[in-house]
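This report refers to the structure that appears directly beneath it.
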Amino acid sequence: MTVIAFIGLGNMGGPMAANLVKAGNRVQGFDLVAANLTAAAATGVAVAADSDAAVEGADAVITMLPAGKHVLSVWEAVAPRVRRGALLIDSSTIDVDSARRSHAIAAAHGLLSIDAPVSGGTGGAAAGTLTFMAGGAKDAFAKAEPILKPMAGRIVHCGDAGAGQAAKICNNMILGISMIGVAEAFVLAEKLGLSHQALFDVASTSSGQCWSLTSYCPVPGPVPASPANRGFTPGFAAALMLKDLKLSQDAAQSTGAVTPLGAEATQLYGLFNALGHGGADFSGIISMLRGEHGQS
Ligand code: NAD
């Protein structure tokens with residue numbers, strides 16, 4: 001039986017760990033929040049007193065934490081305690097520089113490692129259909145693949161250390177920009193007296209087609225499962241979109257990439273968050289573009 005330590009049992013980590021248990025692994029979990037430990041125990045996770053206890057005897061350690069600083073501090077603490085030959089996997093969304101530093105921590109202790117952020121949200125975490133974007137050496141990826149499988153719909157090896165995080169923030173920069181573009185088009189259509197359905201029927205099969213329109217339409221009606229049909233309950237919260245856009249802009253700054261639309265999208269999501277809508281789905285930005293500042 002594979003022993004997996006899972007550190008960070010929040011909205012994503014909780015259901016991900018539960019799927020690893022369902023697949024027959026022994027999962028030793030730890031989180032700082034007691035309620036998350038109780039919920040994890042109910043799904044069959046063996047709750048540990050701290051991260052040191054969680055990694056005892058583990059074949060692999062998975063972290064699912066808020067940001068780079070949390071990942072680095074946990075990896076620094078556990079790397080000397082993990083048995084030789086074990087694999088470290090970070091599935092949090094963090095900055096590329098921290099991801100590369102985390103790989104260096106693992107290497108300094110003779111451990112294999114991959115960065116493997118995900119897309120698919122809490123729904124994908126619960127259903128075991130997440131897309132994993134992995135960065136790291138080939139042998140580390142080969143070892144990680146069967147471990148990730150029970151949580152995954154798709155696993156892509158993107159390249160060396162940090163490549164998974166790079167793919168994640170590039171993808172989400174496209175998403176932030178394209179959602180604003182689609183929302184602006186619907187607001188303009190409303191002003192022109194064009195119905196939502198008419199714009200959808202044309203653009204969804206024309207050159208304006210994109211995921212933000214056809215899978216996540218920001219107006220109710222054309223795509224019944226989109227958050228616009230349920231008052232913009234997430235989904236993917238605007239606060240997390242802002243986090244990912246900021247990571248894209250940090251990366252653009254440190255590499256010299258020119259991303260003016262990414263910068264503009266970061267500003268617009270910053271404003272949407274500042275207006276109190278960080279907990280709303282990110283497609284709710286359409287209401288700000290309509291000038292409905294008080295609502296999302
Ligand atoms: P979350 O805040 O629900 O979970 C993070 C957990 O980490 C919390 O329960 C917290 O108590 C725990 N934690 C923090 N420091 C810790 C430590 N030192 N030791 C043990 N536990 C610690 O966040 P989430 O929504 O589960 O997201 C986790 C990561 O996944 C983030 O990086 C996020 O950007 C990314 N992500 C989230 C989504 C989503 O839809 N929620 C989608 C894709 C990626």
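Remember, predicted model here, so these are calculated numbers, not experimental data. Just the heavy atoms: all of them, side chains too, but no hydrogens, waters or symmetry mates, feed the values below. In each ligand, atom 1 is the first atom listed, and ligand 1 is the first ligand listed.
A side-chain donor from one of W75 and T63 sits under 3.5 Å from a side-chain acceptor of the other.
The nearest heavy-atom contact from the protein to atom 35 (C) of ligand 1 is T93 OG1, 3.6 Å. Atom 2 (O) of ligand 1 has P66 CG, 4.7 Å as its closest protein atom, hydrogens excluded (heavy atom only). Given atom 31 (C) of ligand 1, the protein heavy atom at minimum distance is L65 O, 3.3 Å. Looking at atom 30 (O) of ligand 1, its nearest protein heavy atom turns out to be M64 CE, 3.1 Å. Counting protein heavy atoms only, atom 26 (O) of ligand 1 is closest to M12 N, 2.8 Å.
Aromatic ring centroids of Y216 and F282 lie under 6.0 Å apart.
The option with the heavy atom closest to atom 11 (O) of ligand 1, from among V118, L32, V71, D31, is D31. Within the set A239, G121, P234, the minimum heavy-atom distance to atom 40 (O) of ligand 1 is found for G121.
Considering every non-hydrogen atom in both H196 and F186, the closest pair reads O-CE2, 3.5 Å. Between S212 and P218, the shortest heavy-atom distance links the atoms O-CD, 3.8 Å. Pairing each heavy atom of S226 with each of S215, the nearest pair is CB-O, 4.4 Å.
Within the 4.0 Å heavy-atom criterion, neither part of S119 lies near ligand 1. With a 4.0 Å heavy-atom cut-off, ligand 1 is reached by the side chain of L240 but not by its N, CA, C or O.
Residues H70 and S92 are not in side-chain contact: their nearest non-hydrogen atoms beyond the backbone lie 4.5 Å or more apart. Q165 places a side-chain heavy atom less than 4.5 Å from the side chain of T93.
At a distance under 4.0 Å, a protein heavy atom can be found next to atom 4 (O) of ligand 1. For atom 23 (O) of ligand 1, the nearest protein heavy atom is 4.0 Å or more away.
Below 4.0 Å from some heavy atom of F30 lie the following atoms of ligand 1, by number and element: 19 (N), 20 (C). For ligand 1 and S92, the ligand atoms under 4.0 Å from any heavy atom of the residue are 32 (O). Counting the atoms of ligand 1 from 1 in the order shown, those under 4.0 Å from a heavy atom of N36 are 9 (O). Close contacts of ligand 1 with K168, meaning ligand atoms under 4.0 Å from a residue heavy atom, involve 43 (C). Close contacts between ligand 1 and I7 involve ligand atoms 19 (N), 20 (C) [criterion: under 4.0 Å to a heavy atom]. Close contacts of ligand 1 with V74, meaning ligand atoms under 4.0 Å from a residue heavy atom, involve 18 (N). Here is the list of ligand 1 atoms found below 4.0 Å of a heavy atom in V33: 11 (O).
Although no hydrogens or angles enter the test, the distance criterion places no donor-acceptor pair under 3.5 Å between the side chain of D201 and the main chain of A198. With N229 contributing its side chain and V223 its backbone, the two residues share a donor-acceptor pair below 3.5 Å. The backbone N or O of A225 lies less than 3.5 Å from a partner atom in the side chain of R230, making a donor-acceptor pair. Listed for the K143 side chain is a donor-acceptor partner under 3.5 Å among the backbone atoms of G85.
The number of heavy atoms from other shown groups lying within 6.0 Å of CD (Q253) does not exceed 12.
At least one N or O atom of K243, backbone or side chain, sits closer than 3.5 Å to an N or O atom of ligand 1. The N/O atoms of S91, backbone and side chain alike, include none that comes under 3.5 Å of an N/O atom in ligand 1.
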